[in-house]
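These figures come from a predicted structure and were not determined experimentally. Order of the sequence lines sets the chain letters (A, B, ...), proteins ahead of strands, with each chain counted from 1.
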Amino acid sequence: MLRVRFAPSPTGFLHIGSARTFIFNWLYARRHGGAMILRIDDTDVERNTAQSLESIFEGLRWLDLGWDEQYRQSERLAFHRAMADAIFRKGLAYRDFTPAAGGDSEKSGAQGTWLFNPDMRELPREESDRRAAAGEPFALRFRVPRDPEREIRFTDLVYGPQAKSTADIEDFALLRSDGMPTYHLASCADDVDLRISHIVRGQDHITNTFKHVLIFEAAGADLPEFAHLPLLVAPDNTKLSKRRHGPVVSVTTYRDSGFLPHAFVNFLCLVGWSPKNDREQLSRQELIELFSFDGVHRSNAVVNFSEADPFDPKAVWLNAEAIRALDPAELSVLLLPVVRGAGFPIEPDYMARITPLVRERIRLLNDVLTVGDFFFRDELALYDVAELVPKKGDLALAGRVLEKAGETLAATEFSHDALEASLRGASQSLGIKAGQMFEPIRVAVCGRKTAPPLFSTLEVLGQSTSLRRIRQAIDKLHSPV
RNA sequence: GGCGCUAUCGUCUAACGGUUAGGACGGAGCCCUCUCAAGGCUUAAAUACGGGUUCGAUUCCCGUUAGCGCUACCA
């Protein structure tokens with residue numbers, strides 16, 4: 001049975017890189033009929049926060065992919081200690097009574113890799129037992145094979161054969177002096193116990209994997225398969241971090257900005273992986289069928305955001321495409337809470353009539369607020385009188401157009417075709433081009449020059465609102481502020 | 001510093017020894033058109049550098065450079 005896991009630690013929000021790791025795990029599990037396990041790696045009690053845990057769940061739920069089993073490492077401590085104990089009893093680990101070095105220690109100097117402290121590594125067992133029994137705190141360190149050195153090997157599903165000499169692996173900690181397991185121990189212990197068959201995680205773990213191989217070996221467990229994923233980086237090529245790059249690195253930002261979960265998942269899949277068939281817009285089912293580690297890249301991928309554009313243009317485009325692919329009725333249901341959330345108490349029926357007009361013009365759900373604001377607010381946002389002037393015209397022409405529009409619309413049925421017929425007729429009787437007729441009206445009712453098609457807009461806005469706004473525009477013309 | 005990983009248009013990527021180096025986003029231009037979108041068409045834009053191997057290298061090998069990661073009693 002194929003089993004994969006996603007193991008976030010609750011020390012921050014859900015990062016988009018983590019989200020992608022989750023997605024690839026999920027895809028691989030679904031592709032092969034395996035199980036997707038969510039494991040909260042919360043052994044760092046100092047840094048864990050409840051908010052972080054909540055934000056991770058929020059993000060994962062929004063992704064809408066789900067998982068099959070769920071665990072929390074902090075509930076499995078006894079099991080981790082048992083494995084540490086077993087390794088210790090085999091003589092493959094030793095107690096290190098050196099006081100914990102806070103911050104940066106002298107170990108990792110410019111001199112090279114710190115490997116071990118011989119005094120502790122070679123401490124006679126009786127003395128070690130005596131000091132432990134006396135209650136002296138100690139960390140448990142893995143006794144990395146030194147003599148002879150040997151190559152630790154594994155084959156990565158993405159990166160291929162990997163090897164590293166034990167001469168370059170330090171005696172890493174298994175247990176902290178407070179008795180808590182370290183990430184390395186807890187992770188491996190749980191991977192064994194949960195019978196994880198494939199470990200799929202970020203490439204930043206690739207060097208840790210050699211240590212893990214050592215642990216699996218010491219515990220007498222079979223080695224799982226490994227697949228490391230290239231990292232997501234910012235345009236400046238550095239690792240995405242909230243501190244440096246802001247909220248764009250958090251999954252909830254995408255949710256709150258009006259991304260559709262599926263479009264977002266689609267985007268993340270395309271960063272660092274390719275279906276190799278030139279297809280980009282992929283349904284969840286297609287993603288499952290097409291996913292393979294063969295298509296995973298080995299180099300870091302840039303998420304191309306900027307100050308001007310906070311989201312990767314491709315993510316935005318994918319989202320716009322997904323929005324347009326939605327049935328207007330479905331889209332309307334998604335748009336309603338966005339509009340209401342912004343403080344406009346509109347009715348579902350009204351939203352349903354607006355939706356077809358904004359559908360092709362919004363890239364994110366939240367764009368509805370700017371693209372369709374004149375549908376929601378009673379009073380238009382302030383605009384410059386000059387905006388009312390049509391092409392090749394002047395304020396006087398704007399005035400004549402609006403007066404004529406007022407008369408015409410007062411006597412016209414508010415349906416698309418009737419509006420078009422009478423407004424075109426009006427432009428003819430004024431002896432001007434249709435465009436010159438429409439422009440001032442558009443600005444008068446929408447408050448700006450770019451808006452959805454005029455007749456449909458008027459139809460949705462209705463006669464009284466339309467006439468009132470035209471009246472206000474005329475007033476504005478007479479008393480420019 | 002040590003160890004590891006990586007290197008194709010601005011970005012995401014295809015080409016797993018032989019292609020005019022392909023696609024997408026974004027950009028530019030044109031068309032459509034009541035504005036804006038959407039749509040259609042066109043276009044600019046890449047194999048980091050230097051050596052090999054080979055009849056032939058984006059592709060294989062070595063080196064250089066650059067970037068990233070690990071080097072915690074964080075994960």
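A salt bridge does not link A:Arg141 to A:Glu170: none of the charged nitrogens lies less than 4.0 Å from a carboxylate oxygen. A salt bridge links A:Arg39 to A:Asp191: one of the charged nitrogens lies within less than 4.0 Å of a carboxylate oxygen. With salt bridges taken as basic N to acidic carboxylate O contacts below 4.0 Å, one links A:Asp42 and A:Arg72. A salt bridge is absent between A:Glu136 and A:Arg95: the closest approach of a Lys/Arg side-chain nitrogen to an acidic carboxylate oxygen does not fall below 4.0 angstrom. A salt bridge is defined here as a Lys NZ or Arg NE, NH1 or NH2 lying under 4.0 Å from an Asp or Glu carboxylate O, and A:Asp236 with A:Arg244 meets this definition. Salt bridge annotation for A:Asp193-A:Arg76: present, with a cationic side-chain nitrogen under 4.0 angstrom from a carboxylate oxygen. Checked for salt-bridge contact, A:Arg400 and A:Glu403 miss the test: no charged N lies under 4.0 Å from a carboxylate O. A salt bridge is absent between A:Asp156 and A:Arg298: the closest approach of a Lys/Arg side-chain nitrogen to an acidic carboxylate oxygen does not fall below 4.0 angstrom.
At the heavy-atom level, A:Lys276 lies under 4.0 Å from the strands shown only through sugar-phosphate atoms. Residue contacts for A:Pro453: at a heavy-atom cut-off of 4.0 Å it reaches a base atom on one of the strands shown. Looking at heavy-atom distances under 4.0 Å, A:Gln281 makes no contact with the nucleic acid at all. Using a 4.0 Å heavy-atom cutoff across all strands shown, A:Thr238 reaches sugar-phosphate atoms only and no base atom. Within 4.0 Å (heavy atoms only), A:Gln162 reaches sugar-phosphate atoms of the nucleic acid but no base atom. Residue A:Thr43 is classed as a sugar-phosphate contact, given heavy-atom separations below 4.0 Å to backbone atoms only. Residue contacts for A:Leu270: at a heavy-atom cut-off of 4.0 Å it reaches the sugar-phosphate backbone alone, with no base atom in range. Residue-level contact check: A:Asp168 touches the backbone only, with heavy atoms under 4.0 Å from sugar-phosphate atoms and none from bases. In this structure, A:Pro99 reaches the bases: a heavy-atom distance under 4.0 Å links it to at least one base atom across the strands shown. Using a 4.0 Å heavy-atom cutoff across all strands shown, A:Glu280 reaches at least one base atom of the nucleic acid. Residue A:Ala451 is in base contact, counting any heavy-atom pair closer than 4.0 Å across all strands shown. Residue contacts shown for A:Ser299 are limited to sugar-phosphate atoms, with no base heavy atom under 4.0 Å away. Among the protein residues, A:Arg442 comes within range of the nucleic acid bases, having at least one heavy atom under 4.0 Å from a base atom. Using a 4.0 Å heavy-atom cutoff across all strands shown, A:His205 reaches at least one base atom of the nucleic acid.
Checked against a 6.0 Å centroid threshold, the rings of A:His205 and A:Tyr183 count as neighbours. For an aromatic pair to be called close, the ring centres must be under 6.0 Å apart, and A:His416 with A:Phe455 satisfies this.
Summarising the base pairing, B:C25 is matched to B:G10 through a Watson-Crick or G-U wobble pair whose two defining distances lie under 3.5 Å. Within the shown strands, nothing qualifies as a pairing partner of B:U53 under the Watson-Crick or G-U definition with both distances less than 3.5 Å. B:C30 is paired with B:G40 under the Watson-Crick or G-U wobble criterion, all donor-acceptor distances under 3.5 Å. With a 3.5 Å ceiling on both atom-pair distances, B:A72 lacks any Watson-Crick or G-U wobble partner. The nucleotide B:U58 finds no pairing partner, because no Watson-Crick or G-U wobble arrangement with both distances shorter than 3.5 Å includes it.
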For nucleotides 42-47 of chain B, which of its nitrogen or oxygen atoms have a protein nitrogen or oxygen under 3.5 Å away, and what is each distance?
none

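When the C1' atom is used for both B:U71 and B:G63, the distance is 25 Å, rounded to whole Å. Between the C1' atoms of B:A48 and B:A66, the separation comes to 8 Å (whole Å). Rounded to a whole angstrom, the distance from the C1' atom of B:A24 to that of B:C32 is 24 Å. Comparing the same atom, C1', in B:G18 and in B:A7 gives a spacing of 23 Å after rounding to whole Å. Rounded to the nearest Å, the gap between the C1' atom of B:G40 and that of B:U11 is 25 Å. On the C1' atoms, B:G10 is 14 Å away from B:A28, given to the nearest whole Å. Remark: the separation of the P atoms in B:U43 and B:U64 is 43 Å, to the nearest Å. One P atom belongs to B:G1, the other to B:C16, and the distance between them is 38 Å to the nearest Å.
Counting to the nearest Å, the P atom of B:A14 and the CH2 atom of A:Trp273 are 10 Å from each other. Summarising the geometry, the separation between CD on A:Glu387 and C1' on B:C36 is reported as 14 Å, rounded to the nearest angstrom. Here the P atom of nucleotide B:C68 and the CG atom of A:Asp204 are 14 Å apart, to the nearest Å. Separating the CD1 atom of A:Ile206 from the P atom of B:G4 is a distance of 12 Å, rounded to the nearest angstrom. Summarising the geometry, the separation between CG on A:Asn266 and P on B:C25 is reported as 13 Å, rounded to the nearest angstrom. Note: CZ (A:Phe142) to P (B:C73) measures 16 Å, nearest angstrom. A:Glu170 has its CD atom 11 Å from the C1' atom of B:G2, to the nearest Å. Taking atom OH of residue A:Tyr159 and atom P of nucleotide B:C5, one finds them 10 Å apart after rounding to whole Å.
Residue A:Lys239 places at least one side-chain N or O closer than 4.0 Å to OP1 or OP2 of B:C70. Look at A:Arg141 and you'll find a side-chain N or O under 4.0 angstrom from OP1 or OP2 of B:C73. Taking only side-chain nitrogens and oxygens, A:Arg424 comes nearer than 4.0 Å to OP1 or OP2 of B:C34. Residue A:His297 places at least one side-chain N or O under 4.0 Å from the OP1 or OP2 atom of B:A14.
A donor and an acceptor atom never sit less than 3.5 Å apart when one is taken from the side chain of A:Arg298 and the other from the base of B:C5. Looking at A:Asn208, its side chain comes within 3.5 Å of the base of B:A75 through a donor and an acceptor atom. With hydrogens and angles ignored, a donor-acceptor pair closer than 3.5 Å exists between the side chain of A:Ser177 and the base of B:C73. Put simply, the side chain of A:Asp278 and the base of B:G22 share a donor and an acceptor less than 3.5 Å apart.
Of the listed nucleotides (B:A37, B:C25, B:G69), B:C25 has the atom at the smallest distance from the side chain of A:Lys314. Here the nucleotide nearest the side chain of A:Arg361, chosen from B:C34, B:G67, B:C36, is B:C36. In this structure, of B:A75, B:C36, B:C70, it is B:C70 that holds the atom nearest to the side chain of A:Thr207.
Residues A:Asn304 and A:Ala163 each lie close to RNA chain B; by heavy-atom proximity, the contact nearer the 5' end of the strand is made by A:Ala163. If A:Phe172 and A:Arg20 are placed on RNA chain B by their nearest nucleotide, the residue sitting closer to the 5' end is A:Arg20.
Looking only at distances, a side-chain donor or acceptor of A:Arg469 sits under 3.5 Å from a matching main-chain atom of A:Val445.
No more than 12 heavy atoms of other residues, nucleotides or ligands shown are found within 6.0 angstrom of CD on A:Glu46.
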